[in-house]
Chemist: 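The structure's right below; bear with me while I get my questions together.
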2 protein chains.
Amino acid sequence: MRITQADIAKIANVSQPTVSRVVSGDGRVEEGIRQRVLEVMREHNYQPDARARSLRSKRAGLIGLVVKRPKGGLSDDPFFASLISAIMDFLVGKPYHLCADMTLDAQSQVGLYDELLRSRRVDGLILVESEALDERVHRLQADHFPFVLIGNPMGNEAIWSVDNDNVLAGRIATQHLLDQGFRRIGFLAGPSETTVTRDRLEGYMQALRGRQDRAFVWHSDFGSQAAREATREHILTAPEVPDALVVLDDFMAMGAVQALRDFGANVPGDMGLVSFNDSAICRLIEGGLSSVSLNIETLVQTACERLVDAIEGRDPDGPRRTLIPSALIARGSSQPREVARR
Amino acid sequence: MRITQADIAKIANVSQPTVSRVVSGDGRVEEGIRQRVLEVMREHNYQPDARARSLRSKRAGLIGLVVKRPKGGLSDDPFFASLISAIMDFLVGKPYHLCADMTLDAQSQVGLYDELLRSRRVDGLILVESEALDERVHRLQADHFPFVLIGNPMGNEAIWSVDNDNVLAGRIATQHLLDQGFRRIGFLAGPSETTVTRDRLEGYMQALRGRQDRAFVWHSDFGSQAAREATREHILTAPEVPDALVVLDDFMAMGAVQALRDFGANVPGDMGLVSFNDSAICRLIEGGLSSVSLNIETLVQTACERLVDAIEGRDPDGPRRTLIPSALIARGSSQPREVARR
DNA sequence: TATTCTTGTGAATTCGTATTCTCGCATGAT
DNA sequence: ATCATGCGAGAATACGAATTCACAAGAATA
């Protein structure tokens with residue numbers, strides 16, 4: 001049998017609501033009684049029932065996270081791993097836990113939406129969206145559910161969102177290569193539906209403006225294998241081969257490195273490289289891979305704070321869209337050609 | 001205002017319990033009435049309240065996962081990422097969600113235990129333990145809480161547990177190197193408190209028996225940097241330098257590769273390598289890194305099935321400890337020396 | 001026709017806690 | 001002396017759905 005507040009109340013000779021006041025800490029309770037109740041609670045190892053508590057108080061103490069499964073699973077997506085790790089980190093010690101779900105398709109997304117939010121299973125939602133926004137978001141807005149988007153709201157000003165400043169990141173990467181003396185900088189991008197690709201590409205374009213007369217852009221699927229093939233078959237055989245590449249992420253960059261190696265080319269002697277994420281693999285090639293570090297901890301922290309504010313009814317002023325700045329970590333792959341050839 | 005079963009009942013001219021029967025699907029309801037109720041529910045977009053439901057029915061629909069934070073966060077631990085990804089994958093479509101928490105120390109571990117289990121927030125727990133078991137496990141057993149251990153139960157036969165067969169994995173890796181003609185095989189291990197290290201080391205020892213007269217074992221911290229240093233400072237300067245290494249994981253192996261490269265040595269010409277996990281980075285070095293693939297999907301699936309069985313009161317026969325076999329993925333780093341030198 | 005059995009339904013209760021309402025008493029102001 | 005005020009604590013109720021129980025009406029049996 002489970003020990004309830006009523007049991008504690010009986011033993012301590014007080015009423016159940018008094019026990020409730022002692023537990024929750026609000027409402028006035030005389031110190032003597034409070035102590036007695038606490039003592040009884042300790043003796044009997046009482047633990048409040050989270051279900052009853054949340055039924056009555058309307059707070060679930062859960063924050064939902066829904067991720068769409070990319071092809072091939074999430075296992076080796078370091079962005080996802082950092083994300084979830086940072087969320088858990090943020091929630092340590094706070095009165096919320098993380099409820100994480102994966103979906104396979106848009107259909108089940110909507111199902112989950114009902115299952116998690118409309119059923120009041122969670123108090124709010126962190127939405128991670130890497131492509132265009134869909135119906136869900138509008139339903140979330142219409143129903144006034146607390147949520148924060150991690151990603152690009154695509155001009156929807158009403159949404160609270162946090163994102164890496166991918167335009168800035170793209171500009172920084174490109175600018176860096178220009179500063180290092182590269183003169184024909186290309187961009188190896190991911191699928192063009194993804195907002196990361198679009199935003200970083202825009203940054204690349206901005207940086208090139210007035211510095212390089214034309215852009216060289218190739219698209220490839222994610223992953224080092226796809227990038228390796230794209231580099232081999234399209235970039236290295238192009239009529240004008242670039243002398244440096246901005247690559248969409250570290251894994252793709254490693255693919256490019258492999259393709260270059262296959263071709264007998266050196267990095268950065270024959271091809272400068274900068275990518276994004278600054279993941280652990282950047283240190284795995286000779287001289288290191290230059291990469292724009294994304295500061296996911298700050299991203300997540302900001303998102304979580306916004307969400308908790310929204311859940312608890314605080315609507316802070318300020319812009320609804322927060323962009324987290326990035327910083328370049330320069331390594332060997334973007335050294336000036338002269339230095340590299342020395 | 002929220003739509004409740006009572007509201008639906010009033011509109012459909014039935015009683016609230018009848019609505020409940022329609023929703024949960026058990027109990028007999030006349031087909032005509034059932035249809036009418038379903039219609040009204042659809043019209044008013046009714047969604048059951050998970051809190052009330054779980055208060056009454058005693059099922060939270062949540063499975064807890066508690067991970068201890070290793071130093072430096074989890075962000076770049078691919079094992080953890082695969083794990084959580086596989087759990088989410090398993091739970092898709094099942095009436096459970098994942099509630100994931102991270103803890104920093106043993107103190108908060110116990111707090112979480114109360115917070116999650118004794119408060120009935122979750123129905124069961126997946127425990128991931130990479131070192132020795134602690135007090136929590138005994139409390140879980142004493143309170144008869146459904147849980148499954150992912151890791152080594154250290155001889156505690158009463159615990160349901162699932163683990164990679166690390167002894168086998170260690171043996172496979174070592175055996176493979178022996179078969180490839182290496183004759184002085186060393187082992188670059190992680191911290192000796194970790195059970196992965198202990199188990200794989202045992203497999204290594206088993207494989208050597210009768211094939212190689214002595215063992216060469218070095219310990220290092222996790223991560224490629226630590227492994228790189230350990231390789232440079234201890235292995236390459238040892239009185240008897242091995243001709244091949246079994247390395248505890250892919251990242252450490254990459255560190256070893258770097259150290260060898262710094263030293264001017266070739267893989268596998270001067271040093272054969274096999275590691276564990278078969279993560280994406282294995283393809284990033286020239287020729288590829290041979291690695292023992294761990295089959296985390298099966299591991300997680302087995303663990304989840306066991307847990308759900310326990311939660312739902314089924315206690316299957318059979319051994320309580322399940323070991324998931326591994327398979328070697330041979331790549332360039334373990335090619336026979338003659339082949340490599342050709 | 002009287003008597004069991006079905007089968008489906010609604011009234012009432014339960015789950016464990018939070019919250020609102022009320023009431024008695026003591027205090028201080030008028 | 002009287003009345004507004006405030007404080008602490010118990011009684012009652014709300015939260016939303018599941019479950020128990022009793023009891024109808026109708027079918028099946030004698």
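Side chains included, hydrogens not; waters and symmetry mates left out as well; all remaining heavy atoms used. Residue numbering restarts at 1 for every chain, and letters A, B, ... go by the order of the sequence lines.
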Chemist: Would you say A:Q16 reaches D:dA9's phosphate, i.e. side-chain N/O to OP1/OP2 under 4.0 Å?
Modeler: no

Chemist: Picking from D:dG16, D:dA9, C:dA18, which would you name as closest to the side chain of A:Q5?
Modeler: C:dA18

Chemist: Would the base of C:dT7 count as contacting B:R28 through its side chain, where contact means a donor and an acceptor less than 3.5 Å apart?
Modeler: no

Chemist: So if I take every side-chain heavy atom of B:V29 and compare against C:dT14, C:dT9, D:dG16, which nucleotide ends up nearest?
Modeler: C:dT9

Chemist: Starting from P on D:dA17, measure out to NZ on A:K58 and report it in whole angstrom.
Modeler: 11 Å

Chemist: Side chains of B:R139 and B:F145: closer than 4.5 Å at any heavy-atom pair?
Modeler: no

Chemist: Counting only side-chain N and O atoms of B:T18, is one of them less than 4.0 Å from OP1 or OP2 of C:dG10?
Modeler: yes

Chemist: Hey, does the side-chain of B:R53 have a donor or acceptor N/O within less than 3.5 Å of a partner on the base of D:dA17?
Modeler: no

Chemist: Side chain of B:R56, base of D:dA18: donor and acceptor closer than 3.5 Å?
Modeler: yes

Chemist: How close or far is atom P of C:dT14 from atom CZ of A:R2, stated in whole angstroms?
Modeler: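 The distance from CZ of A:R2 to P of C:dT14 comes to 19 Å, rounded to the nearest Å.
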
Chemist: At less than 4.0 Å, is any side-chain N or O atom of B:Y46 found next to OP1 or OP2 of D:dA17? Yes or no.
Modeler: yes

Chemist: Could you check whether A:R120 gets within reach of a base, just the sugar-phosphate, or nothing at all, counting any heavy atom under 4.0 Å?
Modeler: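 Here A:R120 touches the backbone only, sparing every base.
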
Chemist: Considering all heavy atoms of both residues, which atom of A:P153 and which atom of A:L133 are nearest to each other, and what is their separation?
Modeler: O-CD1, 3.5 Å

Chemist: Which nucleotide wins on minimum distance to the side chain of B:L55, given the candidates C:dG16, D:dT19, D:dG10?
Modeler: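 Looking only at side-chain atoms, B:L55 lies closest to C:dG16.
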
Chemist: With a 6.0 Å cut-off (strictly less than), is the heavy-atom count around CZ of B:R28, excluding the residue itself, greater than 12?
Modeler: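 Open: at most 12 neighbouring heavy atoms sit under 6.0 Å from CZ of B:R28.
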
Chemist: Side chains of B:T302 and B:I324, heavy atoms from C-beta outward: is any pair under 4.5 Å?
Modeler: yes

Chemist: Please give, in whole Å, the distance from D:dC15 P to B:Q47 CD?
Modeler: 19 Å

Chemist: Within this structure, what is the CD-to-P distance between B:E31 and C:dT7, rounded to whole angstrom?
Modeler: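 Answer to the nearest Å: 16 Å.
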
Chemist: When the nearest nucleotide of DNA chain C is assigned to A:P17 and to B:N13 on a heavy-atom basis, which residue is associated with the more 5' position?
Modeler: B:N13

Chemist: Any N or O donor-acceptor pair under 3.5 Å from the base of C:dG10 to the side chain of B:R21?
Modeler: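 Looking at the base of C:dG10, it does pair with a donor or acceptor on the side chain of B:R21 (distance under 3.5 Å).
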
Chemist: Nearest whole Å is fine: how far is D:dA18 P from B:I8 CD1?
Modeler: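 Whole-Å distance recorded here is 13 Å.
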
Chemist: For B:K10, does the NZ atom sit with more than 12 other heavy atoms under 6.0 Å from it, leaving out its own atoms?
Modeler: no

Chemist: Give B:V23 one of three labels, base, sugar-phosphate or nothing, depending on what nucleic acid heavy atoms sit under 4.0 Å from its own.
Modeler: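 B:V23: no heavy atom of the nucleic acid under 4.0 Å.
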
Chemist: Checking contacts here: which listed nucleotide (C:dG10, D:dT19, D:dG16) is nearest the side-chain heavy atoms of B:S20?
Modeler: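 The closest nucleotide is D:dT19.
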
